[in-house]
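So the structure is just underneath, and the comments pick up after that.
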Amino acid sequence: MMEQSEANVILSKQNAAIIAPAGHGKTEMVADIVSCSIGKQLVITHTNAGVESLKKRFLKKNIKKNLSNITTIASYCMRWCNAYPNNAKFDISLDPHKDAKIYYLSIYNGMLNLLDYEFVRTIIKSTYCGVIVDEYQDCTDLQHRIFLKLNTFMRVIIFGDPLQAIFSFGREKCIDWNNIGYEIINIRTEPWRWINTNQELGSYLSDIRIKLLPILNQKNVFLNLNSISGVITHYTPDEYNEYKIFNEIQKMKYNDVLYLTKWEREQLEVCKSMPGIFQFDELQDCKDLYNYAADIDNAKGTQKAIVLLEFLAACCTSVNTELASYINHLREKNTNFSRISKYCELTPIFAGICDNDISYIVNLFEWFKNHKNNPFKFYRLELFNEMFRSINYAISNDLDIYQSSVLIRNNPEFQRNRLNQFKYLSSRTLLSKGLEFDCVIIDMRREILNAREFYVAMTRAKRMIYVISPDIIILKP
């Protein structure tokens, strides 16, 4: 917890930058500053997962909702640009799902334009007493310019850790901490994440951090990984056996387990190899959801049923084998299912879908929910659930399923708490940043993470880490 005197010092500044390692209470410090403030704070972070984490912490500390507005920088800029597109010089016809790069560059440039207007500055000043930005190391130069302009008439406090700067924005440069433009305030920190779970692990990760610091000066780091009982278990690629690790973590009865790897394909492979156990962590901008939704909208008759089954086969096992008779009929455009005895209760459902009655799609999804894990083992349950929500919302509001899916994934009022929604999650560092799990498995058989990714991956663990890699790894900046 931040000392009252420390919070008062920070709040007395026109700007302040606080640097703290992973797990050392940055989220807690943000909450403490808000609770000590007189007036409402605009609290900004980069991801929806970060927003959820902050809201969860604020709720735990009983911070009144009227003391803050917690949002992402993209969402905040988006609302302003959509409200005043002419002033922002923002093209409202831009689609973030078709050309995300142009869209987000436009909303950030649009926000910069808007901050030149006195009426915009007046609205912001009358609404908030200050701005707090979390995970500032992930800001691009363009986003940084927005906060510097806000700082000309508002107090801005930033939190970050240059060793956790893992987001990549193509040609967009991330900020230079050596020329940050804010007063750096030294705050006493502790490895709070591990105080009540595994203090030895917390000490080990502090040592790892010291070893990794040379990468901030663009130097490679050579790391020798050894197993330490109760802290880290290291396997070489030849020693690795996923079922052996799984049996070990089951015996330990961890509340949650995170499997991390470099690429999406490897992330999905572990889910398919252990279906019904590990679940795939979907991107917020879930293209598979949008693509399948559009395909379902556009398909007619037997083709609509085929597309639905293809989607379900992408979410769980056994669809193509268990429902082979229906699939064969549909491919032949034969809707006479009367001779199919296996899962005969699906006959009226597929008949209704082939007649283009969307309500029967709901029945199909309900049937799969009731047969979850027997025999259909889900490994992309989030994708299945989001499609089901999209279909129900489309029916209730007379929308295309595609339109509904975009709303479900991007409109804050439809967001669901995604923090640790699955006991076993397969993910990548970019998606898991800001989250924490009892046990983390870091798989570097095919490619070694860079130093920042490795640090973020290691510090997701509260109790135990497994690493699969060569004994000595070279970590690049």
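In what follows, every heavy atom counts, from backbone to side chain, and hydrogens, waters and symmetry copies are set aside.
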Are [X] and [Y] packed together at the side-chain level, in the sense that at least one heavy-atom pair is separated by less than 4.5 angstrom?
X	Y	answer
Leu205	Arg209	no
Arg452	Leu216	yes
Leu346	Leu323	yes
Phe454	Ile448	no
Ile157	Leu11	yes
Ile306	Gln303	yes
Lys101	Leu105	yes
Phe159	Ile33	yes

How long is the span from the [atom1] atom in [X] to the [atom2] atom in [Y], to the nearest 0.5 Å?
X	Y	atom1	atom2	result
Ile158	Asp134	CD1	CG	10.5 Å
Cys316	Phe311	SG	CZ	9.0 Å
Ile468	Arg446	CD1	CZ	12.0 Å
Tyr292	Leu312	OH	CG	9.5 Å
Leu150	Thr152	CG	OG1	7.5 Å
Phe368	Asn363	CZ	CG	13.0 Å

Would you say that more than 12 heavy atoms from the other residues, nucleotides or ligands in this model lie under 6.0 Å from the [atom1] of [X], or not?
X	atom1	answer
Lys55	NZ	no
Lys149	NZ	yes
Tyr360	OH	no
Lys125	NZ	yes
Asp116	CG	yes

Would the distance check show the side chain of [X] and the main-chain N or O of [Y] forming a donor-acceptor pair, the cut-off being under 3.5 Å?
X	Y	value
Gln137	Trp177	no
Asn397	Leu399	no
Lys26	Ala20	yes
Ser396	Tyr393	no
Gln279	Leu381	yes
Asp161	Leu163	yes
Asn69	Thr71	no
Arg460	Val456	yes
Asp297	Tyr402	yes
Lys304	Ile296	yes

Using every non-hydrogen atom in the two residues, find where [X] and [Y] come nearest and quote the distance to one decimal.
X	Y	answer
Asn450	Pro477	CB-O, 4.1 Å
Cys77	Ile146	SG-CD1, 4.0 Å
Asp443	Tyr259	OD2-OH, 2.6 Å
Ala7	Cys36	CB-SG, 3.9 Å
Asn15	Asn151	ND2-OD1, 3.0 Å
Tyr128	Leu42	CD2-N, 3.5 Å

Carboxylate-amine/guanidinium proximity below 4.0 Å for [X] and [Y]:
X	Y	result
Glu118	Arg121	yes
Glu183	Arg155	no
Lys272	Glu269	no

Does the side chain of Trp192 come under 3.5 Å of the side chain of Glu28 through a donor N or O and an acceptor N or O? no
If you measure only the distance, is there a donor-acceptor pair under 3.5 Å linking the side chains of Tyr455 and Gln164? no
Can the positive tip of Arg380 be found less than 6.0 Å from the middle of the six-membered ring of Phe280, inside 45° of the ring normal? yes
Decide yes or no on salt bridge (charged side-chain N to carboxylate O under 4.0 Å, His left out) for Arg389 and Glu386, but give the supporting numbers first. CA-CA 5 Å; Arg389 283 212 295 158; Glu386 294 296 82; 3.1 Å; yes
Could you walk me through whether Leu258 and Ser427 pass the side chain to side chain contact (heavy atoms under 4.5 Å, CB included) test, one step at a time? CA-CA 7 Å; Leu258 176 67; Ser427 189; 3.7 Å; yes
Quick one, Arg409 with Glu382, criterion salt bridge (charged side-chain N to carboxylate O under 4.0 Å, His left out). Give me CA distance, side-chain angles, the key distance, then yes/no. CA-CA 11 Å; Arg409 290 301 281 189; Glu382 182 183 346; 3.0 Å; yes
Tell me if the centroids of the rings in [X] and [Y] come within less than 6.0 Å of each other.
X	Y	value
Phe365	Phe384	yes
Phe147	Tyr136	yes
Phe119	Tyr84	yes

Measure up the Phe350 and Tyr326 rings against each other and bin them: parallel (under 30°), tilted (30 to 60°), perpendicular (over 60°). tilted
Taking it one step at a time, do Asp99 and Asp95 satisfy side chain to side chain contact (heavy atoms under 4.5 Å, CB included)? CA-CA 6 Å; Asp99 199 333; Asp95 187 341; over 6 Å; no
For side chain to side chain contact (heavy atoms under 4.5 Å, CB included), just list the numbers for Val120 and Asn87, CA-CA rounded to whole Å, side-chain angles, deciding distance to a tenth of an Å, and then say yes or no. CA-CA 10 Å; Val120 174; Asn87 302 82; over 6 Å; no
Applying side-chain contact (heavy atoms from CB on, under 4.5 Å) between Arg428 and each of Gln267, Lys262, Lys433, Glu453, report the one that passes. Gln267
Do Thr45 and Val30 pass the side chain to side chain contact (heavy atoms under 4.5 Å, CB included) test, and can you show the C-alpha distance, the side-chain angles, and the key distance before you say yes or no? CA-CA 11 Å; Thr45 188; Val30 171; over 6 Å; no
